[in-house]
Asker: 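I have a structure here, written as structure tokens, and I will follow up with some questions on it.
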Amino acid sequence: MAMTKRPKRQCSYEIVNLEDMVPQDHFLRVLDKYFDWDFVYDEVEKLYSKVGRKSIDPVVLVKIHLLKFLFHEDSLRKTYENLKYNTLYRWFIGYNINEEVPDHSTYSQNYKRKFCKLEKDLLQTVFDKVIELLTDWNCLDMTAVYIDSTHTKASANKKKNHKEIVKIEAKKYQKELDLEIALKELKDEDLTDDEYLEEVERIVKCNEEVDTEEVIGEKEIIVSDVDKDAGMLYKSDKEKMFGYNTSVICDNNNYILTVDTNGSNVHDSVSFYDSFENLNSHYDISQIKYFVGDAAYLTSHICKTIIDLDMIPAFPYTRKGYRKGYFKKYEFTYDEYNDIYICPNEKDLIPTGRIDKNGYMYYKADEHDCSECPFKEKCTKNKNKQVLRHVWEEYKEMTNDYRHHSDVKEIYKKRPQHIERVFADGKMKYGLRFTYFRTKERVHRELTLLYACMNLKKFALHHYI
């Protein structure tokens, strides 16, 4: 084969059709065909005047922002720069080859001056419309949903920080817990059936009328000097950083259903409630059979919340908090009929009737039994053994029982293929590892659009190409 040497580039003119330059099987064609962008006009129409200079099409601004995540651009400014010569980008936003593209500051100024005044955030609306598209095309499989959270590095120097005293908010279920504690304590009193019912009605009525304190204490935390909403994340004893914690729920087809953002110092069991409320308010949760999460969500109230709604929790077992060389709590048998614990030496631990503010009941062994017990060195250093049991402990026990069922085992094994795969794709392909934005509101806005783009691209690639 003879070698070909192309001539030097010369100025030439050609008549080209931008439509022919975009492959027919490209996923952007699917998005352009199936996703209706007209809702953007309806959302922002009231922000524009009927007269005056023509503005840049707001749909164009939204589409450009989507391109940033769809093609993993480092920044929105770089995306606007690529618009100048990328024919695929131009086709998607509806611009001709020689048409002048908007400046990179256009979107930020429009959001700052116009879009932020909307009752509902525009990018959240985009996410909701994507979910509507998935619902219309029966893409969602709600048989099992998976919850987890991942960390995104904040745009904040970890060395520039200070300490602040912040208020500790009460648990979201505190009022429900107070009612349960009051009803448990009532059972220990010697009352007739009628007196018991009267007391129950009185307690329930008082619980409804009394407002729970929103603040229960104070604590000291490390706060960033440049982004106060970011939380300090300790990845190890030596490594730490400021970041944001994104709690996500996805379905059986890996479509993201909810997105909630908090500082990295917020535990998963706390962020669960916003995510679950979001899921409950936007979807028909009666379709959900299995609710899958990791050990961070294995708390008594979370188990109660899921089981009371006729869902099966698929959580792993955790042994955190046990001292090495001592008996574990599961080695003490609970007798539900007599409401006692039986220790490995077959001695009884009797309830004291005391319930602390966190809902834990105290069961204590007799000092005489403990003093003569041959297993005391493996049991306790105190005079007698004490075991705590939460007022909703039975829900946690039910969850631990579910994990032995074959169907729950199979569902939990699929967790890495679903929610963990979502996070892996987000970090490797969509820029989820870090953010250039600051404040919780702006970070949440960007991450919401990021997950919307993941849903859109999955819809295009897996269904209609």
Asker: To the nearest 0.5 angstrom, please state how far the CZ atom of F272 sits from the CG atom of D260.
Answerer: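 Atom-to-atom, F272:CZ and D260:CG are 11.5 Å apart.
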Asker: Which residues pass the side chain to side chain donor-acceptor pair (under 3.5 Å) test with H404, not counting sequence neighbours?
Answerer: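 So H404 forms no side chain to side chain donor-acceptor pair (under 3.5 Å) with any residue.
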Asker: Of the options F92, F459, F35, F71, which is the one that meets F27 in a ring pair (Phe, Tyr, Trp, His ring centres under 6.0 Å)?
Answerer: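 The ring pair (Phe, Tyr, Trp, His ring centres under 6.0 Å) with F27 is passed solely by F71 among F92, F459, F35, F71.
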Asker: Test the K114-Y48 pair against the cation-pi criterion, namely NZ or CZ under 6.0 angstrom from the six-membered ring centroid and within 45° of the ring axis.
Answerer: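 Output yes; distance and angle both within limits.
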Asker: Can you sort out the partners of K159 under side-chain contact (heavy atoms from CB on, under 4.5 Å), two or more places apart, ordered by chain and number?
Answerer: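 If we apply the side-chain contact (heavy atoms from CB on, under 4.5 Å) test to K159, skipping adjacent residues, the hits are N157.
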Asker: Could you tell me which residues satisfy side chain to side chain donor-acceptor pair (under 3.5 Å) with N254, sequence neighbours excluded, listed by chain and number?
Answerer: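 Residues passing side chain to side chain donor-acceptor pair (under 3.5 Å) with N254: H418.
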Asker: If I take atom OH from residue Y80 and atom NE2 from residue H65, how far apart are they, to the nearest 0.5 angstrom?
Answerer: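 Taking OH in Y80 and NE2 in H65, the distance rounds to 8.5 Å.
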Asker: Would you say the side-chain atoms of Y283 and D251 include a donor-acceptor pair closer than 3.5 Å?
Answerer: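 No, no side-chain donor-acceptor pair sits under 3.5 Å.
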Asker: Quick test of your reading of the model: are K63 and D32 salt-bridged, counting only N-O distances below 4.0 Å?
Answerer: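 Looking at D32 together with K63, the answer is yes, because their closest N to O distance falls below 4.0 Å.
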Asker: Is it the case that more than 12 heavy atoms not belonging to K120 sit under 6.0 Å from its NZ atom?
Answerer: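 More than 12 heavy atoms, drawn from other residues, nucleotides or ligands, come within 6.0 Å of this atom.
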Asker: Take E45 and K50 through the salt bridge (charged side-chain N to carboxylate O under 4.0 Å, His left out) test and state the conclusion after the steps.
Answerer: CA-CA 9 Å; E45 183 179 7; K50 299 294 183 182; 3.7 Å; yes
Asker: With K68, which residues qualify under salt bridge (charged side-chain N to carboxylate O under 4.0 Å, His left out), at least two apart?
Answerer: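 Salt bridge (charged side-chain N to carboxylate O under 4.0 Å, His left out) check on K68 returns nothing, list empty.
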Asker: Taking only residues two or more places apart in sequence or in another chain, which ones pass salt bridge (charged side-chain N to carboxylate O under 4.0 Å, His left out) with R421?
Answerer: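 Counting only residues at least two positions away or on another chain, R421 forms a salt bridge (charged side-chain N to carboxylate O under 4.0 Å, His left out) with D425.
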Asker: For E397, which residues count as a salt bridge (charged side-chain N to carboxylate O under 4.0 Å, His left out) partner, sequence neighbours excluded?
Answerer: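 Residues passing salt bridge (charged side-chain N to carboxylate O under 4.0 Å, His left out) with E397: R389.
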Asker: Is the Y317-F315 ring centre distance short of 6.0 angstrom?
Answerer: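 Not close enough - the centres of the two rings lie 6.0 Å or further apart.
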Asker: Let me confirm one number: the CG-SG distance from L70 to C453, rounded to the nearest 0.5 Å.
Answerer: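 Going from CG on L70 over to SG on C453, the span is 4.5 Å.
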Asker: Quick check: do D268 and D148 have side-chain heavy atoms less than 4.5 Å from each other?
Answerer: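 In short, these two side chains touch, coming nearer than 4.5 Å.
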Asker: Please enumerate all residues that pass side-chain contact (heavy atoms from CB on, under 4.5 Å) together with V270, with sequence neighbours excluded.
Answerer: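 side-chain contact (heavy atoms from CB on, under 4.5 Å) list for V270, sorted by chain: V266, H267.
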Asker: Looking at R29 and E19, does any basic side-chain N land under 4.0 Å from a carboxylate oxygen?
Answerer: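 Result for this pair is yes, salt bridge flagged.
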Asker: Apply the test side-chain hydrogen bond (donor to acceptor under 3.5 Å, both in side chains) to residues S149 and N245: give CA-CA distance (whole Å), side-chain angles for both, the deciding distance (0.1 Å), then the verdict.
Answerer: CA-CA 6 Å; S149 63; N245 186 32; 3.2 Å; yes
Asker: side-chain contact (heavy atoms from CB on, under 4.5 Å) with L309: which residues, sequence neighbours excluded?
Answerer: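 Listed in chain order: F276, I285, M311.
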Asker: Any side-chain heavy atom of N265 sitting closer than 4.5 Å to one from I221?
Answerer: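 Touching, per the 4.5 Å side-chain cut-off.
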Asker: For the backbone of Y89 and the side chain of N86, can you confirm whether one donor and one acceptor N or O come within less than 3.5 Å of each other?
Answerer: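 Yes; judged by distance alone, with no hydrogens or angles, the pair exists.
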Asker: Can you confirm whether more than 12 heavy atoms, excluding those of E441, are under 6.0 Å from its CD atom?
Answerer: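 No, CD of E441 has 12 or fewer neighbouring heavy atoms, counting only those of other groups under 6.0 Å.
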Asker: With rounding to the nearest 0.5 Å, note down the distance linking CG in N110 to CD1 in I56.
Answerer: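 Interatomic distance, N110 CG to I56 CD1, rounded to 0.5 Å: 7.0 Å.
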Asker: With a 3.5 Å cut-off and no angle check, do the side chains of Y436 and D74 form a donor-acceptor pair?
Answerer: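 Note: Y436 and D74 side chains miss the donor-acceptor criterion.
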Asker: Angle between ring planes, Y111 versus Y107, binned at 30° and 60°: parallel, tilted or perpendicular?
Answerer: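 Rings of Y111 and Y107: tilted, as their planes differ by 30° to 60°.
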Asker: Less than 3.5 Å apart, any donor N or O on the side chain of Y85 or N82 sitting next to an acceptor on the other?
Answerer: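 Per modelled atom types, Y85 and N82 side chains form a pair under 3.5 Å.
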Asker: Are E393 and K304 within salt-bridge range, i.e. N to O under 4.0 Å?
Answerer: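 Salt bridge absent between E393 and K304.
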Asker: Look up atom NZ in K458 and atom CG in L134, then write down how far apart they are to the nearest 0.5 Å.
Answerer: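 Result: 10.5 Å between the selected atoms.
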Asker: Let me see the working for E164 and H162 under side-chain hydrogen bond (donor to acceptor under 3.5 Å, both in side chains), right down to the final yes or no.
Answerer: CA-CA 7 Å; E164 282 187 10; H162 63 278; 2.7 Å; yes
Asker: With Y402, which residues qualify under side chain to side chain donor-acceptor pair (under 3.5 Å), at least two apart?
Answerer: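 None.
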Asker: Would you say CD of Q287 has more than 12 non-hydrogen atoms from neighbouring residues, nucleotides or ligands within 6.0 angstrom?
Answerer: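 Counting other residues, nucleotides and ligands, CD of Q287 exceeds 12 neighbours.
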Asker: State whether the number of non-hydrogen atoms from other residues, nucleotides or ligands found under 6.0 Å of K153 atom NZ is greater than 12.
Answerer: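 No.
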Asker: For Y360, give me all partners under ring-ring contact (aromatic ring centres under 6.0 Å, His included), at least two apart in sequence or on another chain.
Answerer: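 H390.
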Asker: Got a second to check how far D225's CG is from K158's NZ, nearest 0.5 Å?
Answerer: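 D225 atom CG to K158 atom NZ measures 15.0 Å (nearest 0.5 Å).
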Asker: By side chain to side chain donor-acceptor pair (under 3.5 Å), which residues pair with N96, not counting sequence neighbours?
Answerer: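 Partners of N96 by the side chain to side chain donor-acceptor pair (under 3.5 Å) criterion come out as none, since no residue qualifies.
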Asker: Salt bridge (charged side-chain N to carboxylate O under 4.0 Å, His left out) for R415 and D294? Distances and angles first, verdict last.
Answerer: CA-CA 9 Å; R415 183 175 167 273; D294 60 16; 3.5 Å; yes
Asker: Name all residues meeting the side-chain contact (heavy atoms from CB on, under 4.5 Å) criterion together with E100; count only those two or more places apart in sequence or in a different chain, and write none if there are none.
Answerer: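 For E100, no residue satisfies side-chain contact (heavy atoms from CB on, under 4.5 Å) once neighbours in sequence are set aside.
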Asker: Would S300 and Y395 satisfy side chain to side chain contact (heavy atoms under 4.5 Å, CB included), going step by step from the backbone distance to the final call?
Answerer: CA-CA 6 Å; S300 298; Y395 292 98; 5.9 Å; no
